[in-house]
Amino acid sequence: MTPSDDDATAGTAEPVADDQLDDRVGEQLLEEDLLEAALAETLDNLRAVRTLAEETTALVPVPSPEPAEEPLDDPRRSDVDEWGRSEHMREIARRVYDPLYRRWFRAEWEGLEKIPAEGGALLVANHAAAIPSDAPVIMHGIETEVGRPVYGLADQLFRTLPLAGTMWARLGGVVAHPDNAYRLLREQRQLVLVFPEGSKGPAKHYSQRYRLRRFGRGGFIEIAMRAGVPIVPIAVVGAEESMPIVFKSTSLAKLIGLPYFPVTANQLVLGPVGGLLAYFPAKFRLRVLDPVVFDVPADQERYSRSRVMDESEHIREQIQAALFDMLRERRSVWFG
Amino acid sequence: MGRRVLITGLATFWGGLVAKAMERDPGVDVLIGLDTREPSVELERTEYVRTDENYSILSRIVQAARIDTIVHTFLIVDSTLMRARTMHEINVIGTMNLFAAASAPGSSVRDVVVKSSSYVYGSAKEDPVWFTEEAARSHPPRNRVERSLEAVEGYVRDFAEDNPHVNVTLLRFSNVLGPDISTPLSRLLELPAVPAILGFDPRLQFVHEDDVIRSILFVLERRLPGIYNVAGDGLLPWSEVASICGKRLAPVIPPFATTQSAMALKALGIEMPDEVLALLRFGRGIDNRRLKRAGFRYDYTSAGAIEAFIEALRLRSTVGVEPSYRYERDIEQFFRHSPAVVRDPDA
């Protein structure tokens with residue numbers, strides 16, 4: 001019953017045919033216009049013979065030009081955008097976070113020029129630390145050094161947290177929903193950060209550090225294909241040691257409804273609460289890898305599953321290889 | 001030959017306004033309004049027929065008056081107005097009977113417009129920021145408004161499928177605000193401080209009441225089939241909504257045991273049903289671009305609708321409320337049917 005049902009089927013079947021159809025309709029309209037004009041001319045001539053006065057009245061109604069659209073009055077009071085991000089709040093956060101970024105983690109980038117200066121792109125990185133420290137470092141780094149906002153896709157769990165959930169949204173957190181990602185990437189041409197390991201990354205034990213988990217079900221590849229944007233892989237070294245998990249309790253996690261319940265090394269040193277607030281000063285190194293561009297048409301309903309899984313595995317291997325390479329070069333956890 | 005229109009819920013806010021607007025349309029020959037109560041706005045040529053809430057006489061009216069257009073505005077989305085039982089009768093049973101009558105053999109109905117609400121999408125943590133018309137809700141509805149709207153839309157879908165020759169339009173309206181309408185959200189914004197859930201500042205969208213009426217007339221005029229979201233541009237944090245109204249947020253509801261706290265507030269006369277509490281936690285945005293693509297132009301953004309609402313409220317609090325119209329059966333009958341009344345203005 002909906003027009004879009006038709007749209008959808010027509011769109012998936014043959015998007016090219018649709019364009020051709022449009023052209024044909026356009027041609028037809030043009031022909032009709034010409035016919036109408038010719039007809040009008042003849043009629044005008046006839047009338048001119050009868051009376052000169054009537055010559056001035058137009059027979060064919062001339063379409064009046066559309067009145068220029070005035071923007072509606074929009075009395076907004078805050079700069080919170082549709083995603084909940086506030087540039088004003090980001091600015092405050094950047095000021096507070098900058099010493100942590102520069103002095104504490106001493107983040108250093110490699111290949112930052114590979115982050116596109118314009119247009120949408122999906123940033124994909126490895127994920128670590130009990131309370132992940134990598135997302136703020138990446139977002140802060142790109143915002144300050146490339147000058148583009150970054151939206152971070154994350155678990156809907158954030159949305160349910162009082163206060164922290166609101167802060168998370170104001171600072172650029174968005175629920176990882178395909179529709180959200182598509183709109184951000186394709187329509188608004190933004191940079192979007194995603195961790196395909198999901199919570200499996202930060203949930204892993206310290207002994208498993210820098211070993212990438214499964215990359216979900218390849219949803220991030222499909223999103224990038226559908227949005228027609230490149231994927232920019234980023235390898236992050238340092239996050240694992242900033243808040244390592246030394247003990248995990250699955251039953252406790254289930255009890256309070258969290259994806260994992262860790263005891264961190266920070267908590268052993270600084271106490272159960274203090275350990276949640278302070279990271280170890282691990283040296284952060286971030287390497288941006290070559291953007292991956294897909295040669296598939298955007299806006300398709302589905303993409304080949306095998307292709308998606310291959311691309312996903314390929315990107316995972318690339319990040320894993322970069323991590324091993326960076327770890328080979330790293331002399332000290334604390335000094336890089 | 002002009003249109004012969006039947007409007008359900010003539011006494012409701014929307015029914016009355018739609019009837020009033022359609023009276024001005026020379027393309028409308030006959031206007032019949034159904035309701036259980038008397039109309040609350042002054043109408044010139046609309047015929048008011050009193051029915052019970054589930055329209056048992058409906059198929060006779062449709063046949064007798066050769067109705068070709070049905071505007072179904074009698075759907076209750078404010079659950080604070082009545083008991084669950086009554087709302088179910090009006091929304092679900094009423095819609096069922098309406099469509100049964102409209103799809104009777106030999107029915108003359110060709111256009112149906114249903115005024116639904118964005119409540120059918122629900123509001124949950126896993127929801128996208130914007131719902132398109134195709135988006136499905138992430139959980140089955142847990143409150144009565146959303147449950148009954150879902151049932152209503154089911155009947156609309158069935159009817160559209162069974163009657164492909166009928167042009168069926170389903171409009172889903174966002175939270176309506178404006179100078180005149182009263183909704184659970186507008187009543188919260190009328191309070192000296194605006195209640196909120198502690199720690200949550202969800203983003204909400206609004207549509208001005210005039211845009212609601214205009215959109216109904218728009219789809220009727222264009223005979224647009226399908227589902228359309230109707231909402232102003234912009235998604236605003238609840239705190240900003242309060243600030244446009246010149247008020248402070250009062251986070252009086254704790255993030256846990258929300259329903260119980262809302263029950264306590266009800267004793268103070270502040271009513272927040274479950275569907276509103278869900279909105280105040282997770283918010284909701286609906287994608288309004290399909291109707292725009294069809295050519296509709298909004299007069300108000302979300303923020304503009306809030307401002308229009310609060311300005312009217314300020315005026316009202318200073319100069320008071322105008323005396324409302326009262327329906328007098330004999331007088332209305334006289335104007336409509338007495339041979340003494342000269343009806344054609346040109347004569």
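Order of the sequence lines sets the chain letters (A, B, ...), proteins ahead of strands, with each chain counted from 1.
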(request) Would you please classify the geometry between the A:Phe195 ring and the A:His127 ring as parallel, tilted or perpendicular, with 30° and 60° separating the classes? (result) parallel
(message) Out of B:Gly285, B:Ala305, B:Ser243, return the one with the most heavy atom pairs under 4.5 angstrom to chain A.
(response) B:Ser243
(request) Measure A:Asp179 against the heavy atoms of chain B and call it side chain, backbone, both or neither at under 4.5 Å. (result) side chain
(message) For the backbone of A:Glu87 and the side chain of A:Asp79, can you confirm whether one donor and one acceptor N or O come within less than 3.5 Å of each other?
(response) yes
(request) For B:Tyr155, check ring-ring contact (aromatic ring centres under 6.0 Å, His included) against everything at least two apart and list the hits. (result) none
(request) Could you tell me which portion of B:Tyr300 (side chain, backbone, both or neither) has an atom closer than 4.5 angstrom to a non-hydrogen atom of chain A? (result) backbone
(request) Answer with side chain, backbone, both or neither: which region of A:Leu157 has an atom nearer than 4.5 Å to a non-hydrogen atom of chain B? (result) neither
(request) Please confirm whether the backbone N or O of B:Leu191 pairs with a side-chain atom of B:Lys247, one donor and one acceptor, at under 3.5 Å? (result) yes
(request) State whether the side chain of B:Glu240 and the backbone N or O of A:Arg77 hold a donor-acceptor pair below 3.5 Å, judged by distance alone. (result) yes
(message) Pairing donors with acceptors under 3.5 angstrom, does anything connect the side chains of B:Asp233 and B:Thr301?
(response) no
(message) Is B:Ile244 close to chain A through its backbone or its side chain, or both, or neither, when contacts mean heavy atoms under 4.5 Å?
(response) both
(message) Can you tell me which of B:Pro237, B:Ser239, B:Gly283, B:Ala124 forms the most heavy-atom pairs within a distance under 4.5 Å of chain A?
(response) B:Pro237
(request) Select one option (side chain, backbone, both, neither) describing which atoms of B:Pro255 are under 4.5 Å from chain A's heavy atoms. (result) side chain
(request) Please flag which part of B:Glu126 lies under 4.5 Å from any non-hydrogen atom of chain A: side chain, backbone, both or neither. (result) both
(request) With a 4.5 angstrom heavy-atom cut-off, could you sort out which part of A:Asp155 is near chain B: side chain, backbone, both or neither? (result) neither
(request) Give, as side chain, backbone, both or neither, the part of B:Ala294 having an atom under 4.5 angstrom from any heavy atom of chain A. (result) neither
(request) Look at the side chain of B:Arg172 and the backbone N and O of B:Glu133, then say whether any donor-acceptor pair between them is shorter than 3.5 Å. (result) yes
(request) Among the options A:Thr160, A:Val80, A:Asp73, pick out the one with the most heavy-atom pairs lying under 4.5 Å from chain B. (result) A:Thr160
(message) Using heavy-atom distances under 4.5 Å, tell me whether B:Asp299 contacts chain A through its side chain, its backbone, both, or neither.
(response) backbone
(request) Decide yes or no on side chain to side chain donor-acceptor pair (under 3.5 Å) for A:His177 and A:Gln156, but give the supporting numbers first. (result) CA-CA 9 Å; A:His177 189 288; A:Gln156 65 233 19; over 6 Å; no
